[in-house]
**Q** 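Before I ask anything, let me first share the structure, which is written out below as structure tokens.
Every heavy atom of this structure was used, including side-chain atoms; hydrogens, water molecules and symmetry mates were not.
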Amino acid sequence: MLSVIICTYNRSKYIYNVLESLAKGTLPPHEYEIVVVDNNCTDNTASELDRFAAAWPQVRLRRFVETNQGLSFARNRGIKEAEGEGLVYVDDDAFVNDRYLENYKTLFERRKDASAAGGPIVPHYETGAEPRWMTYHLRRLLTGYLFFGDKEKSFPGDNYPGGGNAAYRKEVFEKVGLYNVSLGRKGGDLGCGEEKDIFAKMKAAGMRFVYTPGSILYHSI
């Protein structure tokens, strides 16, 4: 079973959309659960989760409040609460393609050598068009853009999956430890580095992470 972990902080504008995109996917509901970690939201996130639960009762949705502020705290809480052997992190301000979860499930079944995987991250501009001043490097920095082609492969060079679209075998965290809570976002502080830290530890341990084009995340910008 897969556990989809969504860590959220005051993103009620988007949270229903990401949940609905998962529920509309091709993986049957009994093969995954959704774990939402509320990191001290002060907006109407709770009512949006209630709305989703009422609209999609067949999807197992579990909610937890993590009072320690910070994305790494929330991600670690998701690991502890997840019941699946595969963990899929999805950003709270995004939506995914239909075969998103099914693709991750079949990849882990097929690739016993893969400890983690990640797919494309494509910006979805709310204004309808990408700004004319956008460049490749700015796109990666500002939107999390990630695309390494339409073929499955090892991540090239020193690249690794984007934190908002990454899947792991749960055993990874038993071997390399949890996210470093001194790194990552905390409320309005836009820190980072916790994903890079995890993948550096995985690489040092000889673990393999795979780029898979079949799990696409569209990041709302």
**Q** Hey, is Glu48 close enough to Arg51 for a salt bridge, meaning N to O under 4.0 Å?
**A**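 Counted as a salt bridge, because a side-chain N and a carboxylate O are separated by less than 4.0 Å.
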
**Q** When rounded to the nearest 0.5 angstrom, what is the spacing between CZ in Phe147 and CZ in Arg139?
**A**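 CZ of Arg139 is found 12.0 Å from CZ of Phe147.
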
**Q** Taking only Lys NZ, Arg NE, NH1 and NH2, and the carboxylate oxygens of Asp or Glu, determine whether Glu66 and Lys80 approach each other closer than 4.0 Å.
**A**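 Salt bridge between Glu66 and Lys80, a charged N being under 4.0 Å from a carboxylate O: no.
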
**Q** For Leu19 and Ile6, what are the C-alpha separation, side-chain angles and deciding distance, and is it a side chain to side chain contact (heavy atoms under 4.5 Å, CB included)?
**A** CA-CA 9 Å; Leu19 293 169; Ile6 302 174; 3.7 Å; yes

**Q** What is the distance from atom CG of Leu61 to atom CD of Glu33, rounded to the nearest 0.5 Å?
**A**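 One finds 9.5 Å between CG of Leu61 and CD of Glu33.
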
**Q** Mind running ring-ring contact (aromatic ring centres under 6.0 Å, His included) on Tyr168 and Phe199 for me, showing each step along the way?
**A** CA-CA 11 Å; Tyr168 307 81; Phe199 284 109; 5.6 Å; yes

**Q** For Ser3 and Gly84, indicate whether the former's side chain and the latter's backbone hold a donor-acceptor pair under 3.5 Å.
**A**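 Here the side-chain-to-backbone pair exists.
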
**Q** Is the side chain of Asp150 donor-acceptor paired with the backbone N or O of Pro213 at a distance under 3.5 Å, no angle test?
**A**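 No; judged by distance alone, with no hydrogens or angles, the pair does not exist.
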
**Q** More than 12 heavy atoms of other residues, nucleotides or ligands under 6.0 Å from NZ of Lys175: is that the case?
**A**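 Atom NZ in Lys175 is not crowded, with 12 or fewer foreign heavy atoms closer than 6.0 Å.
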
**Q** For atom CG of Asp113, is the number of surrounding heavy atoms from other residues, nucleotides or ligands below 6.0 Å larger than 12?
**A**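 Buried by this count: over 12 neighbours within 6.0 Å.
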
**Q** Using the ring of each side chain (for Trp, its six-membered ring), is Tyr100 parallel, tilted or perpendicular to Tyr104, with breaks at 30° and 60°?
**A**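 Ring orientation, 0 to 90° scale: perpendicular.
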
**Q** How far does OG1 of Thr212 sit from CZ of Phe108, to the nearest 0.5 angstrom?
**A**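 Those atoms lie 9.5 Å apart.
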
**Q** When the aromatic ring centroids of Phe95 and Tyr218 are compared, is their separation below 6.0 Å?
**A**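 So the answer is yes for these two rings.
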
**Q** State the CG-CG distance between Asp43 and Asn10, to the nearest 0.5 angstrom.
**A**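 Answer for the CG-CG pair, Asp43 versus Asn10, is 4.0 Å.
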
**Q** For Leu146 and Asn165, run side chain to side chain contact (heavy atoms under 4.5 Å, CB included): C-alpha distance rounded to whole Å, both residues' side-chain angles, the deciding distance at 0.1 Å, then the answer.
**A** CA-CA 10 Å; Leu146 188 151; Asn165 182 12; over 6 Å; no

**Q** Going through the checks in order, is the side chain to side chain contact (heavy atoms under 4.5 Å, CB included) test met by Asp38 and Leu49?
**A** CA-CA 10 Å; Asp38 177 337; Leu49 296 179; 5.8 Å; no

**Q** Is Thr106 reaching over with its side chain to a backbone N or O of Asn103, donor-acceptor style, under 3.5 angstrom?
**A**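 Between the backbone of Asn103 and the side chain of Thr106 there is a qualifying donor-acceptor contact (under 3.5 Å).
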
**Q** Check the hydrophobic clustering (I, L, V, M, F, W, Y; side-chain heavy atoms under 4.5 Å; chains of links allowed) and say if Tyr211 and Leu107 are grouped together.
**A**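 Per the 4.5 Å side-chain linkage, Tyr211 and Leu107 are not co-clustered.
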
**Q** Can you tell me if Glu85 uses its side chain to pair, donor with acceptor, with the backbone of Leu2 under 3.5 Å?
**A**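 Such a contact is absent between Glu85 side chain and Leu2 backbone.
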
**Q** Looking only at side-chain N and O atoms, does Asp91 offer a donor or acceptor that is under 3.5 Å from a partner on Tyr14?
**A**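 Asp91 and Tyr14 do not have a side-chain donor-acceptor pair below 3.5 Å.
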
**Q** Evaluate side chain to side chain contact (heavy atoms under 4.5 Å, CB included) for Cys7 paired with Asn39, printing each intermediate quantity in order.
**A** CA-CA 7 Å; Cys7 303; Asn39 199 200; over 6 Å; no

**Q** Measure from the side-chain N and O atoms of Arg77 to the backbone N and O of Val65, and report whether any donor-acceptor pair falls under 3.5 Å.
**A**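 Indeed, once roles are kept as given, a pair shorter than 3.5 Å links the two residues.
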
**Q** More than 12 non-hydrogen atoms from neighbouring residues, nucleotides or ligands closer than 6.0 Å to CZ on Arg208, yes or no?
**A**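 Counting other residues, nucleotides and ligands, CZ of Arg208 stays at 12 neighbours or fewer.
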
**Q** Given Glu109, which partner from the list Lys112, Arg111, Lys105 fulfils the side chain to side chain donor-acceptor pair (under 3.5 Å) test?
**A**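 With Glu109 as partner, side chain to side chain donor-acceptor pair (under 3.5 Å) holds for just one option, Lys105.
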
**Q** Would you call Glu174-Lys170 a salt bridge at under 4.0 Å N-O?
**A**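 Here Glu174 does not pair with Lys170 in a salt bridge, since their nearest N and O are not under 4.0 Å apart.
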
**Q** Under a 4.0 Å N-O cut-off, is there an ion pair linking Glu195 with Arg75?
**A**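 Judged by the 4.0 Å cut-off on N to carboxylate O distance, Glu195 and Arg75 do form a salt bridge.
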
**Q** Just by distance, with hydrogens left out, do Asn180 and Ser72 show a side-chain donor and acceptor under 3.5 Å apart?
**A**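 No.
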
**Q** May I ask you to decide if Tyr179's main-chain N or O and Asp197's side chain share a donor-acceptor pair within less than 3.5 Å?
**A**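 Here the side-chain-to-backbone pair does not exist.
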
**Q** Please report the closest heavy-atom contact between Val90 and Val4, naming both atoms and the distance.
**A**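 Heavy-atom minimum between the residues: CG2-CG1, 3.7 Å.
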
